[in-house]
Amino acid sequence: MKTYLAVFGATGNLMYKKLLPAIAALQAKNLLPKDTTVLCIGRANHSIDSYLSVAKEQIKEKINWELFTPLLEYFQMELQDIQGYQRLFQKMYQEGPSIRLFYLAVAPDLFPMIAKGINEANLIAKNDPTGRIVFEKPFGEDLKSAQAINSMLWNYFDESQIYRVDHYLGKEMIQNILVVRFANQLFENSWNHHSIERVIIIAKETEGIMNRGNYYDHVGALKDMVQSHLMQMAALIAMEIPESFDVDGIRAEKVKVLKKINIAKDDVLTGQYLGYLNENNILKDSQTETFVFLKAMIDTPRWKDVPFYFITGKKLDEKRSEIILDFKQNSQQNNLWPNRKIEKNRLVIRVAPGEGVTFRLNTKEHGLSTNIRPMEMDYCHDCEFVGNKPEAYERLLLDLISGNSTLFTRWDEIETSWKNIDNIYQFIPKPIVYTNFKDLKQAIKSQFGEVLE
Ligand SMILES: NC(=O)c1ccc[n+]([C@@H]2O[C@H](COP(=O)([O-])OP(=O)(O)OC[C@H]3O[C@@H](n4cnc5c(N)ncnc54)[C@H](OP(=O)(O)O)[C@@H]3O)[C@@H](O)[C@H]2O)c1
């Protein structure tokens with residue numbers, strides 16, 4: 001059967017920067033179904049040649065265009081025009097039944113119009129496993145808008161046909177969290193409040209908002225990063241062992257944890273980088289946060305009294321995304337080695353860059369000294385992989401094609417995350433202005449008493 005991947009928003013940044021390079025990489029690895037066509041849908045009046053010349057200017061990755069071009073077609077249509085969807089139908093059925101995948105790489109306010117068009121033109125019928133539809137984050141702007149989008153979608157599609165992207169879930173090390181946890185008895189036995197003192201979930205960026213002021217100024221770091229990526233990471237770290245490692249087993253446990261997240265009024269700190277107000281398309285007196293630090297407690301027996309700290313922001317000192325688990329110190333250690341400084345054990349799951357796992361433990365200093373020194377066991381996941389490592393979008397597209405939705409988020413996960421975020425908006429503090437991460441570390445120390453190394 002022929003496979004069509006139709007991308008709405010094919011003239012946008014996501015298509016050029018992520019989707020086209022990922023599709024080209026899948027093709028180069030021979031992972032696409034044999035008879036695949038990518039329909040690049042846009043409202044601009046392009047020929048395939050003019051579309052490709054724009055795409056080539058935008059795409060930095062090395063692509064074998066000679067091989068890739070025959071896969072692509074440009075399809076011009078207006079989103080509000082039902083005839084456009086009817087033409088799509090004719091195209092997709094011209095050689096008989098086909099697999100039809102629709103990727104909405106557009107802002108959420110266009111979701112209802114496109115979903116309606118797809119439904120009215122009968123491009124996806126309920127219960128038909130050959131039709132699937134993908135939505136990019138952000139899925140809504142708050143609980144109410146997300147619920148409205150979702151009920152609209154359920155009018156048209158089955159839950160099994162809806163794929164909600166959180167591209168963090170396609171990253172190698174995110175998928176590795178469950179393996180590190182559950183395939184290592186050492187960690188699984190100590191993955192609880194008896195052994196763990198704190199968990200820190202980090203997604204730091206060095207860039208500002210670039211030219212995305214229109215989008216970012218009414219979203220902010222809390223909705224852009226915490227609602228999706230950081231909540232998902234926390235859920236994977238904190239969930240109980242699932243009954244099975246299939247789609248529903250994992251999602252069910254993630255939702256249970258998300259429902260138990262508590263964030264108290266004084267446990268949120270926000271910041272805005274100096275210069276944000278001079279960016280394009282920002283309100284003159286915008287209070288949008290470009291940085292968030294918050295303390296979440298997870299109300300389950302496993303995580304009693306263990307703080308989960310979330311840190312995310314723009315224009316920070318480094319680009320780094322990782323999860324740190326600091327272990328408690330054993331009180332006997334000080335009796336055994338009085339006057340010796342013993343570092344806490346620390347497990348770091350590095351998501352990007354330099355994917356891997358580091359575990360800090362204490363050893364005796366080499367030679368005649370009796371000093372104790374920390375050393376790091378470092379596993380570099382990247383280094384072991386020969387060839388180009390798969391990007392998150394490659395994995396997600398491949399799963400979409402094969403109909404595996406494990407790495408996409410189910411509605412109840414999104415709904416619960418939005419409830420948590422809406423709750424924070426009841427008391428979100430005004431952002432402090434920062435020029436660098438040092439300012440923020442100082443503020444975190446005064447408000448939370450926590451020192452971040
Ligand atoms: N860029 C990323 O890396 C990234 C990552 C994760 C999620 N996302 C999400 O993905 C979505 C798209 O992001 P983006 O960065 O690609 O945005 P973008 O560069 O602004 O592109 C938006 C696309 O939507 C089309 N569009 C806008 N208004 C339209 C209308 N009224 N009718 C028809 N087409 C319209 C644009 O077409 P024209 O060219 O004709 O205007 C363009 O193709 C957003 O929701 C974003 O939050 C993006």
Side-chain angles (χ1 to χ4, degrees), residues 6-23 38-47 50-55 57-61 72 74-85 88 102-118 133-142 145-146 149 163-171 174 203 205 207-230 232 280-281 288 312 314 319 321 352 391-397 400 407-409 414:
V7 182
F8 289 89
T11 51
N13 182 278
L14 181 64
M15 179 63 158
Y16 295 136
K17 299 285 182 278
K18 303 285 183 194
L19 299 178
L20 282 176
I23 300 165
V38 179
L39 297 176
C40 308
I41 302 177
R43 56 184 167 172
N45 225 341
H46 274 304
S47 65
S50 64
Y51 175 71
L52 281 174
S53 70
V54 180
E57 266 173 34
Q58 298 281 335
I59 296 176
K60 290 200 187 86
E61 282 79 358
L72 307 177
Y74 184 77
F75 193 95
Q76 195 277 333
M77 64 178 272
E78 295 294 333
L79 297 183
Q80 65 279 14
D81 179 9
I82 183 67
Q83 285 166 359
Y85 300 91
L88 263 182
F102 299 90
Y103 201 116
L104 274 56
V106 293
D109 56 344
L110 296 174
F111 292 176
M113 189 192 288
I114 301 175
K116 183 165 175 275
I118 288 176
I133 184 160
V134 186
F135 298 90
E136 260 297 336
K137 82 157 201 130
F139 196 84
E141 290 182 1
D142 51 21
S145 60
I149 292 175
Y163 286 62
R164 303 176 194 84
V165 175
D166 181 337
H167 70 265
Y168 255 56
L169 295 180
K171 290 183 184 281
I174 296 293
E205 294 172 294
E207 286 168 344
I209 57 163
M210 321 275 261
N211 254 332
R212 301 179 71 214
N214 267 337
Y215 161 73
Y216 198 86
D217 202 38
H218 68 273
V219 175
L222 203 52
K223 291 181 178 180
D224 190 42
M225 295 296 289
V226 178
Q227 184 272 336
S228 46
H229 310 322
L230 277 79
Q232 282 292 327
N280 289 335
N281 302 316
T288 299
T312 185
K314 295 194 177 289
K319 182 167 173 59
S321 184
E391 283 294 329
Y393 276 94
E394 283 179 55
R395 166 66 61 118
L396 294 171
L397 285 167
L400 167 71
L407 300 179
F408 295 79
T409 34
I414 292 188

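Indexing begins at 1, ligand by ligand and atom by atom, following the structure's order. Everything quoted here is computed from the prediction, not taken from an experiment.
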Visitor: Checking a contact table here: which protein heavy atom is nearest atom 40 (O) of ligand 1, and how many Å away?
Guide: R43 NE, 2.8 Å
Visitor: As an exercise, identify every atom of ligand 1 less than 4.0 angstrom from a heavy atom of P138.
Guide: 45 (O), 47 (O)
Visitor: Would you mind checking which non-hydrogen protein atom is closest to atom 15 (O) of ligand 1, with the distance to 0.1 Å?
Guide: N13 CB, 3.3 Å
Visitor: Go through ligand 1 atom by atom and flag the ones less than 4.0 Å from a non-hydrogen atom of L79.
Guide: 32 (N), 33 (C), 34 (N)
Visitor: Which distance, rounded to the nearest 0.5 Å, do you find between the CG of L14 and the OH of Y393?
Guide: 4.5 Å
Visitor: Is any N or O atom of Y393, backbone or side chain, closer than 3.5 Å to an N or O atom of ligand 1?
Guide: no
Visitor: Pick, from V106, T11, L110, the option with the minimum heavy-atom distance to atom 37 (O) of ligand 1.
Guide: T11
Visitor: Would you say the side-chain atoms of K137 pair up with the backbone N or O of D224, donor to acceptor, closer than 3.5 Å?
Guide: yes
Visitor: Output the list of atoms in ligand 1 that are nearer than 4.0 Å to some heavy atom of A107, sorted by atom number.
Guide: 45 (O)
Visitor: Quick check for you: to the nearest 0.5 Å, what is the distance between L230 atom CG and Y168 atom OH?
Guide: 7.0 Å
Visitor: Looking only at protein heavy atoms, which one is nearest to atom 12 (C) of ligand 1, and how far off is it?
Guide: A105 O, 3.4 Å
Visitor: State whether a side-chain donor-acceptor pair under 3.5 Å links Y103 with E136.
Guide: yes
Visitor: Suppose I only count heavy atoms of R212 and a 4.0 Å limit; which atoms of ligand 1 are within that range?
Guide: 47 (O)
Visitor: Could you measure the distance from the CG atom of L19 to the CD1 atom of I59? Nearest 0.5 Å is fine.
Guide: 10.0 Å
Visitor: Quick one: which of Q58, E136, K137 has a heavy atom closest to atom 46 (C) of ligand 1?
Guide: K137
Visitor: Could you point out which residue of Q227, K223, H218 forms a side-chain hydrogen bond (donor to acceptor under 3.5 Å, both in side chains) with E141?
Guide: H218
Visitor: In the protein, what heavy atom is nearest to atom 14 (P) of ligand 1, and what distance, to one decimal place, separates them?
Guide: L14 N, 3.8 Å
Visitor: Tell me whether G12 has any N or O atom under 3.5 angstrom from an N or O of ligand 1.
Guide: yes
Visitor: Salt bridge between K314 and E205, side-chain N to carboxylate O under 4.0 Å?
Guide: yes
Visitor: Could you state the interatomic distance from OH (Y85) to CD1 (I114), rounded to the nearest 0.5 Å?
Guide: 5.0 Å
